[in-house]
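Per chain, numbering begins at 1; letters A, B, ... match sequence-line order.
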There are 4 protein chains.
Amino acid sequence: MSPRRPERRSEEAANAVIQAALDLCQEVGYRKLSIEGIATRAGVGKNTIYRWWPSKAAVLLDGLLSNWKLDASFPDTGDFVTDIKTQMAAASRTLGGASVFPHYRALIGEAQHDPELQRALWDRFIGHLAGAAADRIRIAQRQGQIRADADPDLVCELLYGAIYYRRLLTTRTADAEHTSAIVDLALAGLAPPGDDSAR
Amino acid sequence: MSPRRPERRSEEAANAVIQAALDLCQEVGYRKLSIEGIATRAGVGKNTIYRWWPSKAAVLLDGLLSNWKLDASFPDTGDFVTDIKTQMAAASRTLGGASVFPHYRALIGEAQHDPELQRALWDRFIGHLAGAAADRIRIAQRQGQIRADADPDLVCELLYGAIYYRRLLTTRTADAEHTSAIVDLALAGLAPPGDDSAR
Amino acid sequence: MSPRRPERRSEEAANAVIQAALDLCQEVGYRKLSIEGIATRAGVGKNTIYRWWPSKAAVLLDGLLSNWKLDASFPDTGDFVTDIKTQMAAASRTLGGASVFPHYRALIGEAQHDPELQRALWDRFIGHLAGAAADRIRIAQRQGQIRADADPDLVCELLYGAIYYRRLLTTRTADAEHTSAIVDLALAGLAPPGDDSAR
Amino acid sequence: MSPRRPERRSEEAANAVIQAALDLCQEVGYRKLSIEGIATRAGVGKNTIYRWWPSKAAVLLDGLLSNWKLDASFPDTGDFVTDIKTQMAAASRTLGGASVFPHYRALIGEAQHDPELQRALWDRFIGHLAGAAADRIRIAQRQGQIRADADPDLVCELLYGAIYYRRLLTTRTADAEHTSAIVDLALAGLAPPGDDSAR
DNA sequence: CAATAAGCGAGACGGTACGTCCAGTCTTCTT
DNA sequence: AAGAAGACTGGACGTACCGTCTCGCTTATTG
């Protein structure tokens with residue numbers, strides 16, 4: 001999925017391609033985005049795209065990564081609940097914003113038909129975010145802020161899964177309030193107060 | 001999204017179309033599925049498809065619904081935890097099985113580029129499942145089996161979101177064990193035992 | 001080589017294609033003539049061309065035929081020498097003219113790389129001309145105007161071959177004077193006067 | 001058309017290019033022959049080809065010349081008829097043979113779209129053959145073996161034109177028998193025996 | 001009980017984009 | 001300084017489908 005990166009490659013052309021893809025996707029939407037269109041807009045031969053990327057989605061993934069800077073670093077103020085809410089709100093603002101979310105969402109959608117893309121999306125993007133979250137969770141566990149017997153990966157799925165579920169499958173919107181509510185609910189658990197049967 | 005259903009419609013042709021779509025999607029994958037191919041396989045004019053469905057995804061959605069029989073009914077043995085685990089395991093077996101999941105997944109993927117499809121998918125399918133789950137949750141709340149102050153929809157998102165997250169975004173697999181672990185974790189909450197600060 | 005001609009075919013589109021091909025070939029030359037260009041100029045989908053013709057040369061052949069009207073009929077005034085000279089001069093004027101010769105020549109050139117085209121060119125065009133000439137020669141033979149033991153086809157080759165040789169291979173030009181000289185020479189034979197050794 | 005021949009030129013590379021072109025043309029045919037393919041097969045940079053030849057046809061012409069050795073010398077036994085038949089049969093065997101004719105034919109075909117190539121083909125190849133033939137004809141004329149008032153060039157056209165006509169335009173084959181029959185016919189002339197009107 | 005309208009299979013149509021190949025130019029590194 | 005290697009822009013290839021359309025044919029009301 002990730003393009004080869006030899007020395008001979010023209011960085012100028014590569015950047016033009018990525019930028020053109022981002023712009024066009026914004027303008028006409030992912031469905032009408034075409035390799036041909038990207039090439040024309042970027043002033044580049046189609047071959048130059050096919051030489052370095054396997055699909056338009058791969059170009060967009062590169063675009064996403066170059067914009068996102070991958071500062072997946074988690075805040076660590078010492079208070080896990082605050083930190084996770086801060087991070088989720090920030091992610092919702094950037095990744096979920098109007099300039100990024102359409103691309104991100106299109107990639108996730110495309111990945112459902114393209115196993116290679118799915119893997120690339122995970123390996124080069126989502127996996128890093130999830131990994132950073134899991135690391136922060138482990139710290140919190142060591143500090144006794146969340147239960148030590150929970151699998152950090154499972155915790156990630158619980159927290160982030162709820163956000164993605166809402167954004168990708170429902171017709172409701174996700175905002176900071178929502179992410180906060182999800183964190184609170186996950187923290188408290190579903191079992192009624194005083195019922196320690198599940199603990 | 002949903003096709004018109006007048007009297008003059010040939011049910012024979014419609015069924016042939018749906019079956020051809022399901023078969024072809026299985027054989028060549030959603031990406032290579034084409035209206036033209038469906039028409040040929042079904043022995044049907046292209047127009048007959050365009051007359052009743054707006055896209056190949058809409059045909060597949062009909063196929064999904066006709067297979068799923070919409071038995072979204074939740075078990076109710078009186079024990080919420082057992083019931084939810086039973087239901088999730090069942091759903092994982094059917095919806096997540098090799099004969100249905102590829103179609104379902106393709107629809108979800110496609111819906112990320114097609115707001116109409118997303119709405120149809122929710123209104124005619126996922127929404128019903130989520131609604132049934134929310135109903136069961138409300139019963140459990142009334143019976144004091146889970147905390148009464150939790151928004152049932154949020155609970156749904158927490159439980160099902162984790163499953164979808166794993167199946168759609170990660171490269172790991174989801175089985176009954178996983179769904180069970182998710183339920184346990186959600187029930188217990190992340191807060192360490194004895195820490196009632198979040199309750 | 002010859003296109004299928006079923007009922008469903010749009011004559012309007014076919015004519016547009018042929019005309020566009022002739023025009024473009026005139027304007028940019030055969031080398032730069034492209035199916036793509038023809039389609040665009042004709043306001044027609046590329047498929048419509050590929051559906052009915054195997055190559056741009058086949059389109060041009062149709063164009064040549066539709067312009068030439070195939071009035072391969074030979075004059076017959078009773079005097080063979082006059083008639084053949086008349087016909088050759090006429091052919092040189094039309095087929096060899098600036099509006100037809102470039103197309104004709106391009107077809108002949110292309111046929112050297114394409115056996116199917118060569119056969120089509122012969123069967124649908126040159127063969128008819130040669131056949132009409134051979135017929136006229138047979139009449140002349142019956143009337144005792146040319147020797148009866150000569151193979152009419154061979155006579156054709158001798159007369160027309162000289163013309164094509166000059167036009168296709170040399171850098172000299174062919175005009176009515178030239179064709180007339182060729183006929184005279186062929187008629188008289190190379191053997192010196194009074195030498196009947198070859199007769 | 002003819003390549004520049006400076007001192008710095010690598011003869012090794014030039015030979016590899018010519019040989020690769022001949023081989024590839026034999027294998028895949030002129031139509032699918034490409035500069036790129038030749039360069040790869042010859043183990044040579046594309047630029048090296050572009051530096052010395054203007055087109056793939058020019059390379060082939062060089063190949064033709066290097067194979068043909070240009071032994072355009074005409075036999076001269078004193079008997080023109082025998083000599084011309086000998087020469088034509090020989091030419092038919094070599095130039096018309098399976099290892100040369102495809103290349104030769106392709107060049108002639110290509111020359112119909114490329115005036116420069118046509119001129120080069122004449123100047124560097126066909127013209128020499130025709131010139132040698134015309135010389136031999138002039139000798140025969142001086143010896144009174146063929147009529148002195150015939151333009152030697154016209155005689156060439158008559159004799160060779162018939163051969164080329166058959167090979168390039170008809171679907172019949174040309175062999176020694178055919179060339180012999182053409183010579184006989186041309187020698188005797190078309191006029192009926194005893195009719196000296198044309199002489 | 002025709003006529004008439006709708007749905008139907010079929011497939012041609014103008015288009016768009018695909019992914020590939022190659023042209024011809026240019027740059028880099030090697031000999 | 002020439003050559004090999006190969007990336008570059010650009011154009012055309014031939015294919016696959018799109019969504020629209022027109023054509024006859026069948027079928028099922030409805031005037």
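- Figure legend: A/Arg9 and A/Trp53 shown as a cation-pi pair, the cationic atom lying under 6.0 angstrom from the six-membered ring centre and within 45 degrees of its axis.
- Of the residues near DNA chain E, C/Ala39 and B/Ala42, the one whose nearest nucleotide (by heavy atom distance) lies more toward the 5' end is B/Ala42.
- Applying the side chain to side chain contact (heavy atoms under 4.5 Å, CB included) rule to A/Asp123 yields the partners A/Arg119; only residues at least two apart in sequence or on another chain are considered.
- OP1 or OP2 of F/dG3 lies within a sub-4.0 Å distance of a side-chain N or O belonging to D/Arg51.
- Not one side-chain nitrogen or oxygen of A/Thr48 sits closer than 4.0 Å to the OP1 or OP2 atom of F/dA7.
- One can place CD1 of D/Ile38 at 14 Å from P of F/dA4, the figure rounded to the nearest angstrom.
- Atom CZ in A/Arg31 sits about 14 Å away from atom C1' in E/dA17, given to the nearest Å.
- Listed by first and then second residue, the salt bridge (charged side-chain N to carboxylate O under 4.0 Å, His left out) pairs involving residues 98-110 of chain A are A/Glu110-B/Arg31 (not counting sequence neighbours).
- OP1 and OP2 of E/dG11 both lie 4.0 Å or more from every side-chain N or O belonging to C/Trp52.
- Per the geometry, CZ belonging to C/Arg8 stands 13 Å off P belonging to E/dG14, to the nearest Å.
- Every residue meeting the side chain to side chain contact (heavy atoms under 4.5 Å, CB included) condition with C/Ser10, not counting sequence neighbours, appears here in chain and number order: C/Glu12, C/Ala13.
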Kindly list each side-chain donor-acceptor pair under 3.5 angstrom involving residues 36-46 of chain D, sequence neighbours excluded, with atom names and distances?
residue, atom, partner, partner atom, Å
D/Glu36, OE1, D/Lys46, NZ, 2.6
D/Thr40, OG1, D/Glu36, O, 3.0
D/Arg41, NH1, D/Glu27, OE2, 3.4
D/Arg41, NH2, D/Glu27, OE1, 2.7
D/Arg41, NH2, D/Glu27, OE2, 3.1

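- Residue B/Glu11 contributes atom CD, which lies 13 Å from atom C1' of E/dG7 at whole-angstrom precision.
- Nearest heavy-atom pair, D/Asp62 versus D/Arg124, reported as atom, atom and distance to 0.1 Å: OD1-NH2, 2.9 Å.
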Produce the list of close N/O pairs, under 3.5 Å, pairing protein atoms with atoms of nucleotides 17-20 of chain F; give distances to one decimal.
residue, atom, partner, partner atom, Å
F/dC17, N4, C/Asn47, ND2, 2.7
F/dC18, OP1, B/Ile35, N, 3.0
F/dC18, OP2, B/Ile35, N, 3.2
F/dC18, OP2, B/Glu36, N, 2.9
F/dG19, OP2, B/Tyr50, OH, 2.9
F/dG19, N7, B/Lys46, NZ, 3.1
F/dG19, O6, B/Lys46, NZ, 2.8

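- In this structure, D/Trp53 atom CH2 and F/dG3 atom C1' are separated by 13 Å, rounded to whole Å.
- Distances shorter than 4.0 Å separate none of the side-chain N or O atoms of B/Arg9 from OP1 or OP2 on E/dG7.
- Here the C1' atom of nucleotide F/dT9 and the CD1 atom of A/Ile49 are 12 Å apart, to the nearest Å.
- For C/Leu169, the side chain to side chain contact (heavy atoms under 4.5 Å, CB included) criterion is met by C/Tyr165, D/Ile108, D/Ile126, D/Tyr164, not counting sequence neighbours.
- Rounded to an integer number of Å, the gap from CZ of B/Arg41 to P of E/dG9 is 16 Å.
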